[in-house]
Amino acid sequence: MTKVYSHLSAEERVRIDELRNREGLGVCQIALRIGRDKSTVSREPGRGLWVASDENGSYRPYRPKRLKAGAWTSRPFYSAMTAQRKAETRAREFRRPLRMSYSPLLAWVMDALRKGWTPERIEGRLKVEWPDDPRMRISHECLHRWIHAKPQRALDLRRYLPRGKRHRTRSKGRRARGPRIPMRVPITDRPKKVDSRHEFGHFESDTVVGASPSKRCIDTQVERKSRRLFARFIPDKGAPTTARAEYDIHKDIPAPARIDRTWDNGTESSCHLLVDEDLGMLTYYADPYSSHQRGSNENRNGRIRCHLPKRTSFDDLTDADLQVIVQEINDTPMKVLDWETPNEVWYRELGKVMSKTSHPKTSVALTN
């Protein structure tokens, strides 16, 4: 049976006043007498304290125990009349209407959630599409609270979020068991300027695994500055097939736009030297159990999982199906890009690279 909550009445406050001030009963005893929860009774005295300086000199309420120093110098105490007056004042105070009670905003937000947009993306895009309408505003934190609130639980709006709940990961990883990748270069040897993301052409790499017993996977590459995603199906997670997919992705990109890539410590990258020698790229490896060092790739993999959740088989999907998903991800605005899309930033930066190079044989991939 659903519980029904109600505020204390004036009669109950008078009863608390009598039991507390005249009879000297404690919180638990008062709660039993009036049939209320002890937490309700324990909060009430603090909300209804009477202080002598708050009243006119002609107002003299009942005082159970007065100090010898005088009637108006004793400590504050609970007064039923003061508590009731404060409660009535609070009830009359103006309350702002809920943001999501505005129908146009609700309809737009629901449509954006169904597209897989994050609350931050929704907040930023509202400012772009309705710059002069203050009613079409909601902060990402307010939207998160609204999604998880009880009235919306029946709608299960969390399924539209990239992740159903917030995850907290370690800032530092654990020790690795031992070297498993030949010629492994740690991320500590990577130039520090790469961390700022000001330079174009640095990638992050990973593999998205499908449901067993199928061995089919997705090789993903993400450019750090533009956050543009490249993806290819591979028959298995083996090192040779992964190296081939990497080569196919990077071979048509101009050399100045593919400087290096950062992998995790999976064995599928064991043949990285083949790609390094053929394309002239460098390969660095993140610290063990430190996925935050490849945050852009992890974020893009999460977006793929919105379309292809875990335990989804990739056997029935074609490369065209995958590229539709990739194109949608790359055409979605991002807060970190000032609400531009990864495609827009990629082509702008690629144009800058092409304007600086004069090599006649340099080819540019307009699609991934």
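The figures that follow rest on heavy atoms only: side chains count, while hydrogens, waters and symmetry mates do not.
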**Student:** Any donor-acceptor pair under 3.5 Å linking the side chain of T312 with the backbone of L308?
**Tutor:** no

**Student:** Has the side chain of R20 got a donor or acceptor atom that lies under 3.5 Å from a matching backbone atom of Y78?
**Tutor:**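 Side chain of R20 to backbone of Y78: no pair is present.
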
**Student:** For the pair R244 and D248, find out whether any cationic side-chain nitrogen is under 4.0 Å from an anionic carboxylate oxygen.
**Tutor:**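 A salt bridge links R244 with D248.
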
**Student:** Counting distance only, does the side-chain N/O of R258 pair as donor-acceptor with the main-chain N or O of L279 below 3.5 Å?
**Tutor:**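 Flag set: sc R258 to bb L279 pair under 3.5 Å.
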
**Student:** Less than 6.0 Å separating the ring centroids of Y102 and W108?
**Tutor:** no

**Student:** Going by atom types only, do Q327 and Q323 share a side-chain donor-acceptor pair under 3.5 Å?
**Tutor:** no

**Student:** Are D315 and S214 linked by a side-chain donor-acceptor pair shorter than 3.5 Å?
**Tutor:**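 Looking only at side-chain atoms, S214 and D315 do form a donor-acceptor pair, the distance falling under 3.5 Å.
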
**Student:** With the threshold set at 4.0 Å, does a side-chain nitrogen-carboxylate oxygen contact exist between E349 and R228?
**Tutor:**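 No salt bridge links E349 with R228.
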
**Student:** Has the side chain of R125 got a donor or acceptor atom that lies under 3.5 Å from a matching backbone atom of I122?
**Tutor:** no

**Student:** E223 side chain to G201 main-chain N or O, any donor-acceptor pair under 3.5 Å?
**Tutor:** yes

**Student:** Look only at the side chain of S290 and the backbone of Q293, and say whether a donor-acceptor pair between them is shorter than 3.5 Å.
**Tutor:** no

**Student:** Would you call K225-E199 a salt bridge at under 4.0 Å N-O?
**Tutor:** no

**Student:** Would you say the side chain of W263 lies within less than 4.5 Å of the side chain of S205, judging by non-hydrogen atoms?
**Tutor:**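 SC-SC contact between S205 and W263 confirmed.
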
**Student:** Does the pair W339 and M334 meet the rule for a side chain to side chain contact (heavy atoms under 4.5 Å, CB included), with working shown?
**Tutor:** CA-CA 5 Å; W339 306 115; M334 300 181 67; 5.8 Å; no

**Student:** Flag the pair W346 / F200 as yes when their ring centroid distance falls below 6.0 Å, and as no otherwise.
**Tutor:**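 Here the rings of F200 and W346 have centres that are less than 6.0 Å from each other.
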
**Student:** Determine whether the aromatic ring centres of residues H250 and F203 are separated by less than 6.0 angstrom.
**Tutor:**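 F203 vs H250: aromatic centres under 6.0 Å.
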
**Student:** Donor-acceptor pair, R197 side chain versus R224 backbone, under 3.5 Å?
**Tutor:** yes

**Student:** Measure from the side-chain N and O atoms of N265 to the backbone N and O of A286, and report whether any donor-acceptor pair falls under 3.5 Å.
**Tutor:** yes

**Student:** Donor-acceptor pair, distance only, cut-off 3.5 Å: does the side chain of H272 make one with the backbone of P182?
**Tutor:** yes

**Student:** Between N330 and E328, do the side chains contain a donor N or O and an acceptor N or O under 3.5 Å apart?
**Tutor:** no

**Student:** Do the side chains of E18 and R15 get close enough for a salt bridge, i.e. N-O under 4.0 angstrom?
**Tutor:** yes

**Student:** Is R261 salt-bridged to E204, going by a charged N under 4.0 Å from an acidic O?
**Tutor:**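 Salt bridge absent between R261 and E204.
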
**Student:** Give the intermediate values and the outcome of side chain to side chain contact (heavy atoms under 4.5 Å, CB included) for residues L322 and L317.
**Tutor:** CA-CA 7 Å; L322 178 60; L317 299 175; over 6 Å; no

**Student:** Hey, is D260 close enough to R190 for a salt bridge, meaning N to O under 4.0 Å?
**Tutor:**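 Between R190 and D260 there is no salt bridge, as every charged N stays at least 4.0 Å from the carboxylate O atoms.
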
**Student:** Quick one: list whatever passes side chain to side chain contact (heavy atoms under 4.5 Å, CB included) with K127, sequence neighbours left out.
**Tutor:**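 With neighbours one apart ignored, the set is E123, R137.
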
**Student:** Hydrogens and angles aside, do N299 and S296 bring a side-chain donor and acceptor to less than 3.5 Å of each other?
**Tutor:** no

